[in-house]
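Only one structure is covered here, and it is reproduced in the block below.
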Amino acid sequence: MILAKDILFYYEKERAIPIPDVALQEGEELLVLGASGSGKTTVLNILGGLLRPISGVVQIDNTSIYELKGARLDKFRGANIGMVFQKPHILAPLTVKENLRLAQYFSGNSDHGLIDRLLKDLGISHKSASKVTALSEGEAQRVSIARALVNNPKVVLADEPTASLDDENAEMVIHLLKEQAKKMRSALIIVTHDHRVKEHVSNQIMMGGKR
Ligand SMILES: Nc1ncnc2c1ncn2[C@@H]1O[C@H](COP(=O)(O)OP(=O)(O)OP(=O)(O)O)[C@@H](O)[C@H]1O
């Protein structure tokens with residue numbers, strides 16, 4: 001489902017960032033832990049097709065994503081990879097539902113029933129016509145989860161999804177992320193330094209090599 005192997009990456013040649021090999025099947029989960037600056041965001045961006053490695057392979061569903069160029073890579077990403085960030089990346093002038101429809105539109109997907117199902121499962125159906133500026137942080141992060149899942153992706157990648165949330169919302173967001181990824185049989189990778197997440201995902205690796 002997602003495989004990363006023998007990745008070499010650096011921003012400056014003399015300081016390579018060690019990138020762990022990853023191999024997850026559908027429905028499996030992985031937590032990548034590490035101190036600030038250890039390279040967690042870097043690894044997630046490499047896995048998500050946003051940052052081309054110097055060498056090595058990233059395969060999603062048997063496609064070597066960095067063999068795809070430009071628009072083909074963008075299209076593949078939209079259809080197969082869902083991303084959740086620390087702060088929700090959703091478009092402020094649009095409503096919740098418009099944001100989700102737009103994400104589907106860019107992937108040529110018109111499964112509007114899935115949008116309704118996700119909003120219901122995530123407990124935000126009543127916010128579907130709200131502008132995203134009118135949402136609480138926990139609600140906005142639930143919209144981000146819906147947006148990440150709206151194209152039924154093979155892989156969901158979450159970068160510090162709980163960092164700006166209080167304990168109650170952090171717990172809910174992790175629970176919902178796991179539950180929805182499992183329901184779609186998506187592989188789920190969360191990178192974080194938030195220790196509240198540790199007890200929720202047993203498959204863990206530490207950036208820098210410790211396990
Ligand atoms: N665009 C860049 N150019 C040069 N160096 C960078 C760039 N982005 C990140 N770095 C450096 O690469 C290293 C890894 O950064 P990265 O953001 O992946 O770490 P992180 O573990 O996600 O950190 P944090 O938990 O603080 O977000 C850091 O030393 C950082 O300063």
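Remember, it's a predicted structure, so these values are computed and weren't measured experimentally. These numbers come from the heavy atoms of this one structure, side chains and all, not from hydrogens, waters or symmetry mates. First listed ligand is number 1; within each ligand, the first listed atom is number 1.
Considering backbone and side-chain N/O atoms, Lys40 comes within less than 3.5 Å of an N/O atom of ligand 1. Between Arg15 and ligand 1, a contact under 3.5 Å exists for no N or O pair. Considering backbone and side-chain atoms together, Gly37 places an N or O closer than 3.5 Å to an N or O of ligand 1.
Those atoms of ligand 1 with a heavy atom of Ser38 less than 4.0 angstrom away are 19 (O), 21 (O). Residue contact check: Ala35 has heavy atoms under 4.0 Å from atoms 21 (O) of ligand 1. Close approach of ligand 1 to Ile17 is summarised as follows: ligand atoms under 4.0 Å from at least one heavy atom of the residue are 12 (O), 13 (C), 14 (C).
The protein heavy atom nearest to atom 17 (O) of ligand 1 is Thr41 CB, 3.8 Å. Remark: minimum distance from atom 3 (N) of ligand 1 to any protein heavy atom is reached at Tyr11 CD2, 3.5 Å. With respect to atom 26 (O) of ligand 1, the closest heavy atom belonging to the protein is Ser36 OG, 2.6 Å. Nearest protein neighbour of atom 15 (O) of ligand 1, counting heavy atoms only, is Thr42 OG1, 3.8 Å. Nearest protein heavy-atom contact of atom 19 (O) of ligand 1 is Gly39 N, 3.2 Å.
Heavy-atom minimum distance, Leu47 versus Ile65: O-CD1, 3.8 Å. Closest approach of Val197 to Thr162, counting heavy atoms only: CG2-OG1, 3.6 Å.
Using bins of under 30°, 30° to 60° and over 60° for the plane-to-plane angle, the ring pair Phe9/Tyr11 lands in the perpendicular bin.
Ion pairing between a basic and an acidic side chain is recognised when a charged N comes within 4.0 Å of a carboxylate O; Asp116 and Lys120 show no such pairing. Here Arg101 does not pair with Glu98 in a salt bridge; the nearest charged N to carboxylate O distance is not below 4.0 Å.
Contacts with ligand 1 closer than 4.0 Å are made by no heavy atom of Val43, backbone or side chain.
Shown here, atom 23 (O) of ligand 1 is in close reach of the protein: a heavy atom of it lies under 4.0 Å off. Within the 4.0 angstrom cut-off, atom 7 (C) of ligand 1 has one or more protein heavy-atom neighbours.
Remark: of the listed residues His175, Arg142, Arg117, Arg117 is the sole one forming a side-chain hydrogen bond (donor to acceptor under 3.5 Å, both in side chains) with Gln180.
Contacts of Asp61 classified as salt bridge (charged side-chain N to carboxylate O under 4.0 Å, His left out), with partners at least two apart in sequence or in another chain: Lys154.
Using a 4.5 Å cut-off between side-chain heavy atoms of Ile, Leu, Val, Met, Phe, Trp and Tyr, with links allowed through other members, Leu51 and Leu44 fall into the same hydrophobic cluster.
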Practice task
Take Val201 and Leu188 through the test side-chain contact (heavy atoms from CB on, under 4.5 Å) and record every step on the way to the result.
Solution key: CA-CA 10 Å; Val201 183; Leu188 172 64; 5.9 Å; no
